[in-house]
Chemist: 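I am attaching a structure below and will ask some questions about it afterwards.
On a predicted model such as this, the values are computed, not experimentally measured, just so you know. In what follows, every heavy atom counts, from backbone to side chain, and hydrogens, waters and symmetry copies are set aside. Within every chain, numbering begins at 1; the chains are lettered A, B, ... in the order of the sequence lines, protein sequences first and strands thereafter.
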Protein chains: 2
Amino acid sequence: METLIKTLGEPKRTEILRLVWAEELPATEIADHFPSVTRSAISQHLAVLRSVGLVNERREGTRRLYTANHAELARLRSYLDSFWTSSLDRLRDLAEADQRSQERS
Amino acid sequence: METLIKTLGEPKRTEILRLVWAEELPATEIADHFPSVTRSAISQHLAVLRSVGLVNERREGTRRLYTANHAELARLRSYLDSFWTSSLDRLRDLAEADQRSQERS
DNA sequence: TTCTAACGTAAGAGTGTGCTAACATAGAGA
DNA sequence: TCTCTATGTTAGCACACTCTTACGTTAGAA
């Protein structure tokens, strides 16, 4: 999960994720969306996204077509949700501990 | 938003956030939860969390009490949600463009 | 088979990040 | 006032990260 978050900390990678979210795109076309950096840089970003499973790769001849892996981003979403639910658990635990201490007094 | 994600990319900071999620804690007590690193390291992490608004600080004498800022994490959650909604928009746009091209043929 | 397009990969430079050690500050008591 | 506790800050080291340049690979076209 930590590597997943770190991967999204890079703005170009989240932008790539947006590009391939609803549309399958070849690497070159993705790189064309970033005129400021080299194709190599984008290729390396794609490698990172692939390594953490945020995108899927499909080969077609010499081309490599990428799509976003929605499920993996969904995992991050529910991870954030766990912050809230675990806080409810924690509040419950605190309340119970407080009640026990009052019972003792 | 980028800095917000980068802040959570560090596991000790998310752990700190969990600690102060439902309970106000002084800096020393937070640092005590991390025997492997110096108090100074935790102090620096707290400074980062404070700078992006993920925690609130309250001073009481020489102590500084920290609580999580739930609203800021909620912002990140809805940012992730925007990935899905924007994809719906994008799918709609693609569908409409496709329909127009079919109408032309 | 020889070219070329579409990729990935390796090496190195420059920059950022987390940590420790040492120092600074500010209240609370004695 | 002197001291102790709680805490932040700074300098510097080690490591990780992003980018460019240069090179390697593979599949189709000529």
Chemist: Considering every strand and a 4.0 Å limit on heavy-atom distances, what is the contact class for B:Ala41: base, sugar-phosphate, or nothing?
Modeler: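 B:Ala41: base contact, heavy atoms under 4.0 Å.
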Chemist: Would you say B:Tyr66 reaches D:dA6's phosphate, i.e. side-chain N/O to OP1/OP2 under 4.0 Å?
Modeler: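 For D:dA6, neither OP1 nor OP2 has a side-chain N or O of B:Tyr66 closer than 4.0 Å.
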Chemist: Within the structure shown, what part of the strands sits under 4.0 Å from A:Thr7 by heavy-atom distance: base, sugar-phosphate, or nothing?
Modeler: nothing
Chemist: At under 4.0 Å between heavy atoms, how does the protein contact nucleotides 22-30 of chain D? Give one character per nucleotide, 5' to 3', with B, S or -.
Modeler: -----BS--
Chemist: Output yes when A:Lys12 and A:Glu15 qualify as a salt bridge under the 4.0 Å nitrogen-oxygen rule, no when they do not.
Modeler: no
Chemist: Check this one for me: any side-chain N or O of A:His45 less than 4.0 Å away from OP1 or OP2 of D:dC17?
Modeler: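 Checking D:dC17 against A:His45, no side-chain N or O comes under 4.0 Å of OP1 or OP2.
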Chemist: Could you state the NZ-C1' distance from A:Lys6 to C:dT17, rounded to the nearest angstrom?
Modeler: 9 Å
Chemist: Between C:dA26 atom C1' and B:Glu57 atom CD, what is the distance in whole Å?
Modeler: 13 Å
Chemist: Is there a donor-acceptor pair under 3.5 Å between the side chain of A:Arg13 and the backbone N or O of A:Thr7?
Modeler: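 Yes; at least one donor-acceptor contact below 3.5 Å.
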Chemist: Go through the steps to decide whether B:Leu8 and B:Leu17 satisfy the test side chain to side chain contact (heavy atoms under 4.5 Å, CB included), and finish with yes or no.
Modeler: CA-CA 9 Å; B:Leu8 293 173; B:Leu17 207 57; 3.9 Å; yes
Chemist: Assess whether side chain to side chain contact (heavy atoms under 4.5 Å, CB included) is satisfied between A:Tyr79 and A:Leu4, documenting all intermediate values.
Modeler: CA-CA 11 Å; A:Tyr79 169 78; A:Leu4 190 60; over 6 Å; no
Chemist: Using OP1 and OP2 only, check whether a side-chain N or O of B:Arg13 sits under 4.0 Å from C:dG18.
Modeler: yes
Chemist: Would you say A:Lys12 reaches D:dC19's phosphate, i.e. side-chain N/O to OP1/OP2 under 4.0 Å?
Modeler: yes
Chemist: For A:Glu10, which contact category applies under a 4.0 Å heavy-atom criterion: base, sugar-phosphate, or nothing?
Modeler: sugar-phosphate
Chemist: Send over the distance from A:Glu2 CD to C:dT17 C1', rounded to a whole Å.
Modeler: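 Whole-Å distance recorded here is 13 Å.
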Chemist: Can you tell me how far P of D:dT5 sits from CD of B:Glu29, to the nearest Å?
Modeler: 17 Å
Chemist: Evaluate the criterion side chain to side chain contact (heavy atoms under 4.5 Å, CB included) for residue pair B:Glu72 and B:Val52; output intermediate values, then yes/no.
Modeler: CA-CA 9 Å; B:Glu72 204 58 23; B:Val52 302; 6.0 Å; no
Chemist: Can you tell which of D:dG8, C:dG8, C:dT20 lies closest to the side chain of B:Gln44?
Modeler: C:dT20
Chemist: State which of C:dG8, D:dC19, C:dC19 makes the closest approach to the side chain of A:Arg64.
Modeler: C:dG8
Chemist: Tell me: CG of B:Leu25 to P of D:dA6, nearest whole Å?
Modeler: 14 Å
Chemist: As a quick check of understanding, evaluate side chain to side chain contact (heavy atoms under 4.5 Å, CB included) for B:Arg58 and B:Tyr66, giving each step before the final call.
Modeler: CA-CA 6 Å; B:Arg58 185 170 68 88; B:Tyr66 290 94; over 6 Å; no
Chemist: CD1 of A:Ile42 versus C1' of D:dT18: gap in Å, rounded?
Modeler: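 Whole-Å distance recorded here is 11 Å.
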Chemist: Using whole Å, what does the distance between atom P of nucleotide C:dC19 and atom CZ of B:Phe34 come to?
Modeler: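 Roughly 10 Å, once rounded to whole Å.
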Chemist: Specify the separation, in whole Å, of atom CZ of B:Arg59 and atom C1' of C:dG27.
Modeler: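 It works out to 12 Å between those atoms.
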Chemist: Using a distance-only test with no angle check, is there a side-chain donor-acceptor pair under 3.5 angstrom linking B:Ser40 and B:Gln44?
Modeler: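 Yes, a side-chain donor-acceptor pair sits under 3.5 Å.
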